[in-house]
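What follows is one structure encoded as structure tokens, with my remarks underneath.
All values below come from the heavy atoms of this structure, side chains included, with hydrogens, waters and symmetry mates left out. Letters A, B, ... are given to chains in the order of the sequence lines, protein chains preceding strands, and every chain is numbered from 1. Every value quoted in this text rests on a predicted model; they were computed, and no experiment measured them.
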There are 2 protein chains.
Amino acid sequence: MSQPIALSSEVPATCRACNVRHAGMCAVLTAAELATMARSARRTQHAPGEPLVVEDSKLTSYANVTDGVVKLSRVLRNGRQQVVGLQFAPDLLGRLFGRENLVNVEAASEVDLCRIPKDVLEQLVATNPVLKQRLLDQSLQDLDEARDWMVTLGRKDARQRVASLLLLVARRCGAPGIDDPDRVVFDLPLTRSDMADFLGLTIETVSRQISRLRHEGVVQVANHRHVVIPSLPRLETLAG
Amino acid sequence: MSQPIALSSEVPATCRACNVRHAGMCAVLTAAELATMARSARRTQHAPGEPLVVEDSKLTSYANVTDGVVKLSRVLRNGRQQVVGLQFAPDLLGRLFGRENLVNVEAASEVDLCRIPKDVLEQLVATNPVLKQRLLDQSLQDLDEARDWMVTLGRKDARQRVASLLLLVARRCGAPGIDDPDRVVFDLPLTRSDMADFLGLTIETVSRQISRLRHEGVVQVANHRHVVIPSLPRLETLAG
DNA sequence: CGACTTTTTGAACCGTATCAAATATCGTGG
DNA sequence: CCACGATATTTGATACGGTTCAAAAAGTCG
């Protein structure tokens, strides 16, 4: 589950800690800082549903999501769950400052992380303002996304919500067609249950709306997971 | 609407720029920085409904909310509105970094601001890491609040939503009873329409739920605005 | 192939939206 | 201070979208 990282001589844009080309923290570190980071960073893999926060609800390490999708959620006393955020690669995961983590963090799909212990990162942040800026940017992006989703939850009907989610995933995970950039293909990293919990709907309603979009030719679905969007603009229109 | 600020010799915890005791930016500034800030800060007052962002959707100044409530909202293409955030005194308003402002900002109630031009603030932030931290903290708080509200919008029914909003306002604006700290009194800084737009409901549903809570003795309401919560814990239970 | 899980589909019910009208409140001027 | 009109809020009747409960179909894994 966790392995030390060997320092390697990759091209600068590739994270030396996790050997993956990503737009996370590593891009803004000096060579010396990268070396420090590589010494303490750990690359971990996680299966769908696996909780990513150990030490009872206290995130002791910060992480780059290098592959897959991470699900942030809260549960109500009555047991109902609401997904409050999705982090796609190459998002940053965790929070250095402020109150403790109030959300459940778990892998939605197969997930690869490049973790760095909190204290090491705090050290780096203290001396590297650009890195701190990068963390601030991530929290601002998270805030924008949360507010976008408030609009979806508050003012869109079931059809628009499902379209909005497909659009979100298409933009983050989708591969545009070579000849037709409006055509996008991807595998859903979420179960119907996850989708419902993100959309504030039931799985039945999610399923019905996907069926409806399928009958209308807005999406094609194989094996419940493999999705083709023939026309992204059409989906955008439907998303409200 | 805007007046220069005279430098005064207040106690340290009182903002020299706006002469108001608040937990905004001023608490973390040095004497020299406070002087700089006082030179360029402006205190402004605004009537309910007044837009607070000039220069077409570009917030050119950062501000402390020193009194009142500011409403952040987005509008859908179909004209429906969703309130995505409320800023109460002494919250900070605006964003220095990241993409441009994507939200409408307007006074919900009578609002007093202590504004500081963006470039002056950027100057201060560059030399004062504690101030930058304060800004980061605010955005993390905003993120937490947005995610709280996603749970409300996604998984609570109308009654719980209205109770949640009353609770939110009670906590930020309420005066607890001297002999009974569970008893809270406040004036609603929002119209029914604002409430509906924040809760993802219609004004009719909001009104009905408030009536219901009133009949049940959970709240007392006078003049549609003046609210008494006899038992905050009871309201907390109802909020889900 | 067969057991299990996930997803889809169906029918009835319920909560909220919608449309409509009555009532309360506020601001303004007599 | 009261009367008046404008606006905000409350209340009522009906319709619709999404939930709930139930069962069938599709997909997954041993």
**OP:** Using modelled atom types only, decide if a donor and an acceptor are shared between the side chain of Arg183(A) and the backbone of Gly177(A) within a distance under 3.5 Å.
**Re:**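 Checking the backbone N and O of Gly177(A) against the side chain of Arg183(A), no donor-acceptor pair under 3.5 Å is found.
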Original post:
So, does Tyr62(B) use its side chain to make a donor-acceptor pair with the main chain of Ile116(B) at under 3.5 Å?
Top reply: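 Such a contact is absent between Tyr62(B) side chain and Ile116(B) backbone.
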Charged N to carboxylate O below 4.0 Å: is that the case for [X] and [Y]?
{"X": "Arg234(B)", "Y": "Asp182(B)", "value": "no"}
{"X": "Glu145(B)", "Y": "Arg172(B)", "value": "yes"}
{"X": "Asp197(B)", "Y": "Lys71(B)", "value": "no"}
{"X": "Glu204(B)", "Y": "Arg208(B)", "value": "no"}

Original post:
Pick the nucleotide of DNA chain C nearest each of His224(A) and Arg208(A); which residue has the one closer to the 5' end?
Top reply: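 Per heavy-atom nearest nucleotide, the more 5' residue is His224(A).
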Find the distance [X]:[atom1] to [N]:[atom2] and express it as a whole number of Å.
{"X": "Asp157(B)", "N": "dA17(C)", "atom1": "CG", "atom2": "C1'", "value": "15 Å"}
{"X": "Leu190(A)", "N": "dT7(C)", "atom1": "CG", "atom2": "C1'", "value": "15 Å"}
{"X": "Leu199(B)", "N": "dA17(C)", "atom1": "CG", "atom2": "P", "value": "10 Å"}
{"X": "His226(B)", "N": "dC26(C)", "atom1": "NE2", "atom2": "C1'", "value": "18 Å"}
{"X": "Leu213(A)", "N": "dT8(C)", "atom1": "CG", "atom2": "C1'", "value": "15 Å"}
{"X": "Ile203(B)", "N": "dT18(C)", "atom1": "CD1", "atom2": "C1'", "value": "11 Å"}

**OP:** Heavy atoms only: give me the nearest Val206(B)-Val162(B) pair and the separation to one decimal.
**Re:**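 So the two residues come closest at CA-CG2, 4.3 Å.
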Subject >> Angle of first-five versus last-five pair axes in the helix from dC1(C)-dG30(D) to dG30(C)-dC1(D), to 10 degrees >> reply: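 It works out to 50° between the end axes.
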Original post:
Between which nucleotides of DNA chain D, read 5' to 3', does contact with chain A run, using atoms under 4.0 Å from its heavy atoms?
Top reply: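 Here the contact window of chain A covers dG18(D) to dG27(D).
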Subject >> Pairwise ring-ring contact (aromatic ring centres under 6.0 Å, His included) hits with a residue in residues 145-184 of chain A, at least two apart >> reply: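 Every pair satisfying ring-ring contact (aromatic ring centres under 6.0 Å, His included) with a residue in residues 145-184 of chain A: Trp149(A)-Phe198(A).
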Original post:
Contact class for Ser207(B) (heavy atom, under 4.0 Å): base, sugar-phosphate, or nothing?
Top reply: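 Ser207(B): base contact, heavy atoms under 4.0 Å.
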Original post:
Base, sugar-phosphate, or nothing: which does Leu201(A) touch, judged by heavy atoms less than 4.0 Å apart?
Top reply: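 It contacts sugar-phosphate atoms only.
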**OP:** Apply the test salt bridge (Lys or Arg N to Asp or Glu O under 4.0 Å) to residues Arg171(A) and Glu236(A): give CA-CA distance (whole Å), side-chain angles for both, the deciding distance (0.1 Å), then the verdict.
**Re:** CA-CA 11 Å; Arg171(A) 284 178 176 151; Glu236(A) 282 166 355; 3.0 Å; yes
**OP:** Find which nucleotide of DNA chain D each of Asn223(A) and Arg80(A) is nearest to by heavy atoms, and output the residue with the more 5' nucleotide.
**Re:**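 The 5'-side residue here is Arg80(A).
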